[in-house]
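One structure is given here, and the rest of the page talks about it.
The figures here come from the full heavy-atom set of this structure, side chains too, leaving out hydrogens, waters and symmetry mates.
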Amino acid sequence: MSQSNDLERIYQELRRRAAAQFGEDRAVELESYLRTAAEQVYDVERADVHRDVEPLNQE
């Protein structure tokens, strides 16, 4: 899949969830936030982490 397809897939899922939880009107109002969140999720999903890097544990 291409970058734009993956990003659009993530956005559509977030938008679907927002509409289900808050209603269609509110989902429309949240569009810019949902787009930003989709970009952030996409960035995290495609981030490369070296196999020798240990997870950061916060207490």
Side-chain angles (χ1 to χ4, degrees):
M1 262 187 193
S2 72
Q3 175 181 348
S4 62
N5 286 342
D6 289 342
L7 186 57
E8 186 62 24
R9 176 186 51 80
I10 295 167
Y11 166 74
Q12 289 300 328
E13 178 61 18
L14 291 176
R15 189 173 188 306
R16 182 192 67 75
R17 290 180 184 190
Q21 189 167 358
F22 305 117
E24 189 62 35
D25 291 341
R26 184 68 175 136
V28 169
E29 292 173 4
L30 294 171
E31 183 175 358
S32 66
Y33 297 105
L34 296 172
R35 291 261 177 213
T36 300
E39 290 172 3
Q40 292 170 343
V41 169
Y42 177 78
D43 288 344
V44 169
E45 284 184 350
R46 60 179 257 242
D48 290 329
V49 178
H50 192 274
R51 63 186 175 140
D52 292 336
V53 174
E54 294 183 20
L56 182 63
N57 295 321
Q58 296 182 0
E59 294 180 25

Co-membership, hydrophobic cluster, residues Val28 and Tyr11, 4.5 Å side-chain:
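Each belongs to a different hydrophobic cluster.
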For Asp52, does the CG atom have more than 12 heavy-atom neighbours from other residues, nucleotides or ligands under 6.0 Å away?
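Yes, CG of Asp52 has more than 12 neighbouring heavy atoms, counting only those of other groups under 6.0 Å.
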Exceeds 12 heavy-atom contacts within 6.0 angstrom, atom CG of Asp25:
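At most 12 heavy atoms, drawn from other residues, nucleotides or ligands, come within 6.0 Å of this atom.
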Between Glu8 and Arg35, does any NZ, NE, NH1 or NH2 come within less than 4.0 Å of an OD or OE carboxylate oxygen?
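Yes.
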Check side-chain contact (heavy atoms from CB on, under 4.5 Å) between Gln21 and all other residues, then give those that pass, not counting sequence neighbours.
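Per chain and number, Gln21 pairs via side-chain contact (heavy atoms from CB on, under 4.5 Å) with no residue.
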So, for Leu34 and Arg15, which heavy atoms are closest and what is the spacing to 0.1 Å?
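Closest approach of Leu34 to Arg15: CD1-CA, 3.9 Å.
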Show the nearest heavy-atom pair for residues Glu45 and Ile10, with the distance to one decimal.
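Result for this residue pair: OE1-CD1, 3.5 Å.
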Could you measure the distance from the CD atom of Gln12 to the CZ atom of Arg17? Nearest 0.5 Å is fine.
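The CD atom of Gln12 sits 13.0 Å away from the CZ atom of Arg17.
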Do Arg46 and Asp6 have side chains that approach each other closer than 4.5 Å (heavy atoms only, starting at C-beta)?
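A side-chain contact under 4.5 Å is absent here.
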